[in-house]
Amino acid sequence: MTPSMTPEDYKAIVKYVFDICGIVLGTDKQYLVEQRITPILSELGCATFGDLTKRLSTGFTNFMVKEKMLNAMTTNETSFFRDEHPYVAFRDKIMPDMLERVKTRKERPWQRRGPKVSMWSAAASTGQEAYSMAMIISDVIQMKGMGIVTNDDFGILGTDISSKVLAKAIEGKYGPLEVARGLTPEMRRRHFMQDGDFYLVSDKIRKMVDFKSLNIQDSFSSLGSFDVIFCRNILIYFTDDAKRKILSQFFQILAPGGYLLLGSAENMYNLNDEFLTERFGATTIYRKPV
Ligand SMILES: C[S@@+](CC[C@H](N)C(=O)[O-])C[C@H]1O[C@@H](n2cnc3c(N)ncnc32)[C@H](O)[C@@H]1O
């Protein structure tokens with residue numbers, strides 16, 4: 001028999017999920033939560049939702065329970081070049097500036113920052129966002145790097161709270177349906193190696209990207225500073241207070257003149273007034289003043 005969830009169970013699970021990752025689950029999400037947790041109940045050592053909520057509300061959850069709950073409760077939808085227009089802005093507006101930054105930094109090695117341009121995919125999921133950025137960087141450098149700027153001048157960090165998606169991002173191996181979403185056959189040939197039915201990100205692109213686990217609700221102080229941040233399709237899950245805290249931390253760790261791109265359904269209205277706003281086609285670009 002399929003275990004059923006009482007309103008009290010749902011309340012306890014909503015609180016637990018909020019506490020571990022800040023995701024707000026509305027009253028209309030009980031069916032979704034039930035659907036996602038039912039398959040892992042026995043793995044969590046529970047026969048019923050009642051068993052699980054008892055465990056969650058006493059605070060006696062171990063690392064395994066937290067990992068499984070995070071992997072089940074995060075929404076990891078993503079694709080290569082998702083929404084397309086932010087990547088057009090990245091290629092045509094942000095990248096020319098980044099090439100100039102590398103050149104200037106190389107000409108002034110006595111300045112504190114090295115030539116490496118740092119970028120961050122702050123809700124990386126299975127890695128498509130970070131690899132899409134790397135493909136654009138590599139293509140732009142090939143056309144406009146003039147031998148002065150190389151792929152080694154760029155580093156991209158991808159972070160996520162879910163260990164399951166991070167493992168896939170690190171592997172960089174995608175199925176035919178995943179590469180069909182957003183990649184032209186030409187891009188796929190140029191930046192992937194075929195491995196049976198799967199496609200592996202080429203070494204050249206893989207080398208530019210690192211992944212690590214991070215709860216975006218925590219402090220960013222260990223990350224260093226960034227020239228570009230992609231934080232797309234994650235803020236929608238959080239409270240306004242959490243969004244404010246995250247945006248203010250982005251502002252602090254962006255280099256002067258650095259760029260922030262949010263998801264199409266996300267904006268800074270009533271959340272932050274420190275960033276400058278620019279439109280580029282259909283994309284809103286947030287910038288830290290120089
Ligand atoms: C919908 S995906 C967005 C992926 C990509 N940025 C895009 O736009 O295609 C949201 C990601 O945020 C991650 N996430 C949710 N809460 C998080 C948190 N507190 N800290 C870090 N990552 C979190 C999820 O695991 C999920 O992979």
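For the numbers below, each heavy atom of this structure counts, side chains included, while hydrogens, waters and symmetry mates do not. One-based numbering, in listed order, for ligands and for the atoms of each.
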Identify whether the distance between the nearest side-chain nitrogen and carboxylate oxygen of Glu278 and Lys93 falls below 4.0 Å.
yes
Numbering as shown, the atoms of ligand 1 that approach Asn215 to under 4.0 Å (heavy-atom distance)
18 (C), 19 (N), 20 (N)
Determine whether the aromatic ring centres of residues Tyr174 and Phe80 are separated by less than 6.0 angstrom.
yes
Ignoring angles and geometry beyond distance, decide whether Ala123 reaches within less than 3.5 Å of ligand 1 through its nitrogen or oxygen atoms.
yes
Could you list the atoms of ligand 1 found under 4.0 angstrom from a heavy atom of Thr74?
15 (C), 24 (C), 25 (O)
Side chains of Lys54 and Cys46 in contact at under 4.5 Å (non-hydrogen atoms)
no
Polar proximity ligand 1 side, Ile234 side, N/O cut 3.5 Å exclusive
no
Do any N/O atoms on Ile23 end up under 3.5 angstrom from N/O atoms on ligand 1?
no
For Cys21, the ligand 1 atoms with a heavy-atom partner under 4.0 Å come out as 19 (N)
N-O pairing of Lys15 and Asp19 below 4.0 Å:
yes
Take Met5 and Thr53 through the side chain to side chain contact (heavy atoms under 4.5 Å, CB included) test and state the conclusion after the steps.
CA-CA 10 Å; Met5 185 186 275; Thr53 53; over 6 Å; no
Among all protein non-hydrogen atoms, which one is nearest to atom 2 (S) of ligand 1, and what is the separation to 0.1 Å?
Thr75 O, 3.4 Å
Looking only at distances, can you tell me whether any N or O atom of Thr78, backbone or side chain, sits closer than 3.5 Å to an N or O atom of ligand 1?
yes
Between Arg206 (side chain) and Val201 (backbone), is there a donor-acceptor pair under 3.5 Å?
no
For ligand 1, find out whether one of its N or O atoms is nearer than 3.5 Å to an N or O atom of Arg82.
yes
Does the separation of the ring centres of Phe230 and Tyr87 fall below 6.0 angstrom?
yes
Going by the atom numbers of ligand 1, which of them fall below 4.0 Å from some non-hydrogen atom of Ser125?
4 (C), 27 (O)
Ring pair (Phe, Tyr, Trp, His ring centres under 6.0 Å) test vs Phe251 passes for just one of Phe226, Phe275, Tyr286, namely Phe275
Arg101 and its side-chain contact (heavy atoms from CB on, under 4.5 Å) partner, picked from Asp227, Val149, Asp153
Asp227
Hey, which atoms in ligand 1 end up nearer than 4.0 Å to a heavy atom of Glu129?
5 (C), 6 (N), 7 (C), 8 (O)
Among Asn76, Ile20, Asp160, which one puts a heavy atom closest to atom 13 (C) of ligand 1?
Asp160
Which residue holds the protein heavy atom closest to atom 22 (N) of ligand 1, what is that atom called, and what is the gap in Å?
Ile161 N, 3.3 Å
Nearest non-hydrogen contact to atom 21 (C) of ligand 1 from the set Leu214, Asn233, Leu70, Leu261 belongs to Leu214
Out of Arg287, Lys103, Arg91, which residue meets the salt bridge (charged side-chain N to carboxylate O under 4.0 Å, His left out) rule with Asp97?
Arg287
Residue-level breakdown please: for Thr126 versus ligand 1, do any non-hydrogen atoms fall below 4.0 Å on the side chain, on the backbone, on both, or on neither?
neither
Which residue and non-hydrogen atom of the protein lie closest to atom 3 (C) of ligand 1, and at what distance in Å?
Arg232 O, 3.6 Å
